[in-house]
Every structure is written in C-alpha cells, then in structure tokens.
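Mind having a look at this structure? Questions to follow.
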There are 2 protein chains.
Amino acid sequence: MSQDSPTYSPLYRQIKGLMLQALEAGEWRPGQVIPSEQELAARFNVSQGTVRKAIDEMAADNLLVRKQGKGTFVASHNDPRALFRFLRLVPLDGEISHPESVPLECWRARAGQEASRMLGIKPGDPIIIVRRLLKFAQKPVVIDEIYLPGEIFQGLTLEVLQGWQGSIYSLFETRFGLRMIRAQESIRAVAADRGTAEVLRVPEGKPLLSVERVTYTYGDKPVEWRRGLYLTDEHFYLNELS
Amino acid sequence: MSQDSPTYSPLYRQIKGLMLQALEAGEWRPGQVIPSEQELAARFNVSQGTVRKAIDEMAADNLLVRKQGKGTFVASHNDPRALFRFLRLVPLDGEISHPESVPLECWRARAGQEASRMLGIKPGDPIIIVRRLLKFAQKPVVIDEIYLPGEIFQGLTLEVLQGWQGSIYSLFETRFGLRMIRAQESIRAVAADRGTAEVLRVPEGKPLLSVERVTYTYGDKPVEWRRGLYLTDEHFYLNELS
DNA sequence: AAGTGGTCTAGACCACTGC
DNA sequence: CAGTGGTCTAGACCACTTC
C-alpha cells in the first residue's frame, strides 16, 4: 500500500488495520460475507463513510470483493475469476483453455541458503518440494518446482495434490487456511537442461522462460517460493503495464 | 419494468469523461496543475465530493497526480518517478543504475500486415522504425525495434533521438504532444539470431527475452509497437502480481 | 418490502504548501 | 495567512439482490 507518515494515520487506515486483523485471525474466512457497512460502522464507532473508505482500499488490494445488493466478501482462490490472477500465460491463438495441473513429485527436505532466504526461515528448517507439470490442451507447457515451509504445510503429500480438483492456491486456502495475496515474479530467459527438455518434449538448449515467484500471505509473510520453466512456442506471458 | 440499459453511468464517471476530454484536447498539459476541486465543482455544477471521486479514479489510472497543499497535476513522463513505470528490468545484484539509450537507426517504411494491425492503421500507411540499444553500466542489455505511425511522428529523425536527454516517452510527450498511458507486453523466450548476438556481444542462439509491447495513448489508441530483446544474464524482468 | 452496496450532497475540520 | 488536497460526518436517495 501507500506509505504512511510515521506521525499520522487517518481513521480509515486504523479501521483497515482492525479489519486486517480480523482477516488474519480468521474471524472472516475466504468466500464468506463480512458484516455490512452499517454493522461495521457501529462496531468501530465511526461513520459508514469511513468504513467504506477502509473497504475501498482493501477491495483495491484484492483482499475483499464487493457485490452490490449482496454484501462484501473475503476474496478466495476458489473463485474461478481468481484463476488467472497469478498465471499470466496465454495461448498465442487466443483460444482460452484451462490448464491441467499434473503433480509429479512431493518430498521433504531441509532449507538451503537460497530457500531459507526466500521463505524467511532458517537454513536447515524443514521444507516441502513439489514438482508439477502444467498442461494446456494435453500438451506440457510449464514445469514448476515449488518450495514450501514444512511447518505450515504439514500433511501435504503427492496423494493430496493428486486428489485435488482446482488450483493449487485453492488447495492451500481450503486445506491449510493460507491465503495468497501478493506475489513477485522475476523473469529470465534460459536454456532447457536435459531433464526439463525431456518433460516438455523439446530439444535440449531450447530457450525457455524462467519465472521465479515469491508469494506472500497476510502480513507480507512469504510462504511459497517457486521456479517455473515455461515453453513459449504456443503461449506467451502477458503483462499489463499501467 | 423496463430493461436496465447497460449504459448507466454515475455522475462522477460523466465528470471523469469531461475531464478526459480536457486532457485529450490539450487544455491541461503534462506537468501542469489542473484547476482546484472547488473550481471544477463550480464548472461542472456538482459537489466537490463528486469531482473528488472522478479525480480519484484518474489518479488511480496514473493520469493525474495529487499533491496535498499544492494541487492536482497532469502526469508526465518528464517526472523522474515515471522512468521505471514501463521498464521492468532490474539488475540481479540490486544495484540501481540508470540505463543509457543509444539510438542506432531511424528510417521510414510502409506498414505491413502485422504493424498495421498492431498500430490500428492501414497496410501501406507510412511508419517510422527506430532501432536503439539500452545500456546498463556501459553494457548493452536490450535491443529495441520500435514501430511508430508516420503521421503522428513527422519530423522524428535519428538526430532528434540522439539529441534528446531523457526517456523516449519523455521525448514523445514534449516534442509530439503524445502521452503514453498504458501498455501491454507479451513475453517469450527466443534464441538470439546472428545480428542480435553481435550487438549484445553474446553467442548466437543465446536465450533472450522477447518483449513485445503495444503502447496506448488517450482513448486507448495504439501509437507504438515495439519488440525488445533482453539479455537476462545480469538483469531480470520484475513483475508484481497483486 | 427489506437489506445490501453505490452515489451525491453539504459542511466542518485537518494537514500540507507557499507567500 | 490563504489556498490546496485529505478526512470525517450525516442524511437522502439510487441500484441491485433476495424474500
């Protein structure tokens, strides 16, 4: 969000802070309605307009979703509209096809230097590593390697991943109560190594997009680090600059 | 009763429309102050709050910049803060260095199929093509090929480009009265061809980022199409997903 | 009809800038 | 100090959803 002067924070920002606490504490859960603006105004002893402004910012942050006539809801990755919020890969020909996620492996390990730095944990802390393939129209397009803090994702196994219908963040949210709210991607071009080339069925040395992502949950806490290799023969990474 | 028209638009949106017209017409120019909220409210015969909401949206769209105590200004590419709004390339080591733009060529041509489609002009219409190099810390990192509608950019020459200190969009704005407000990038991984490899001083076949960009001015009119090839050995393309 | 968010207004006051 | 944008309030009314 924008930056606060250290000495002054308007009322609606403080209300926003209280509402963020309610979200973090799990008082309001993804997909559910939060209390009406009137109720919140009464609860926090401010006017409805002030609550509105707090909600406005949180909606702009993709934390809440307003629905006229129905109420204000906690944003959820189970919402189909959220599917392509983090996946920016688009087919060249414009044909919209939903990707199929194929989990390949899932194993336990200990965090090395890089993983610990990215995930904000100590080197040697337990982590879980997932390898999975993303297919568009039967064709393998992305191979992902996903690093997760073991402490948070206890009970995550290949079977759990394979049994889940829906996006991986939808699984994280439903099964581990963890909502991803923000991510940062670093993109480079690399040459396919032998293993990757085999899985994606391309020649070794083929140029691929390397997309490294760190994903954050409430309180800007990093909870996922992943590296994806994207085959961009029939798809491209779409980015809106505004 | 009657079918609700999909054309309902609240008052503040209509005000926004009027203000957009003022921007397009050049009544308010980049970098300048626009009238105060009070004056605008009087001019449009609405309350200050309604003007505020229109300005809020335009500020969120990066069309205006609010400065407390001073006024509201038309956003400008001459503002140093706008420099990295469209260039997402960041050094690996975090060292912030300003890129140096080196124009290589600038020639006239006629739009082919692709260029005409991207620029919203007719095939055969005059276009201008610019090739330029972007250097970070003396090292060539990006080679750009930029396609511009000839009608708008009359008088653009290599000398003009070479004589300009500052970003290319800042030149477009100052010299051609054209403000870029939005862009869309399509990113892929490709292998360097011989010519590119020489300019970037890398081996032929080297994986590079191919970044195709269409840039829009007021009224969502496309006015630039460019393709950049990025060397990502010591830099990466940074993208915030939120 | 009742409840929700969305708009519009009017007025008071606060924080920041520049003279 | 006056002028700007920024906040906060209270109330009226509109548009949409549900019963």
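Only a predicted model underlies this, so the values are computations on that prediction, with no experimental measurement involved. In what follows, every chain begins at residue 1, and chains take the letters A, B, ... in the order their sequences are listed.
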Criterion side-chain contact (heavy atoms from CB on, under 4.5 Å) on Glu145(A) and Glu212(A), from CA distance to verdict: CA-CA 10 Å; Glu145(A) 206 158 272; Glu212(A) 279 194 44; over 6 Å; no
Rounded interatomic separation in angstrom, taking NZ from Lys16(A) and P from dC8(D): 13 Å
Donor + acceptor pair across side chains of Glu173(B), Ser170(B) (<3.5 Å): no
Under 3.5 Å: donor-acceptor pair, side chain of Arg213(B), backbone of Phe86(B): yes
Heavy-atom check, side chain of Arg175(A) versus side chain of Trp164(A), under 4.5 Å: no
Lys221(B) charged N/C atom sitting above Tyr216(B) aromatic ring, 6.0 Å / 45°: no
Whole-Å gap separating P (dC8(D)) and CD (Glu57(A)): 11 Å
What nitrogen or oxygen pairs link the protein and nucleotides 4-7 of chain C at under 3.5 Å?
unit_1, atom_1, unit_2, atom_2, d
dT4(C), O2, Gly69(A), N, 3.3
dG5(C), OP2, Glu37(A), N, 3.0
dG6(C), OP2, Arg52(A), NH1, 3.4
dG6(C), OP2, Arg52(A), NH2, 3.1
dG6(C), OP2, Arg66(A), NE, 2.8
dG6(C), OP2, Arg66(A), NH2, 3.2
dT7(C), OP1, Tyr12(B), OH, 2.9
dT7(C), OP2, Lys53(B), NZ, 2.7

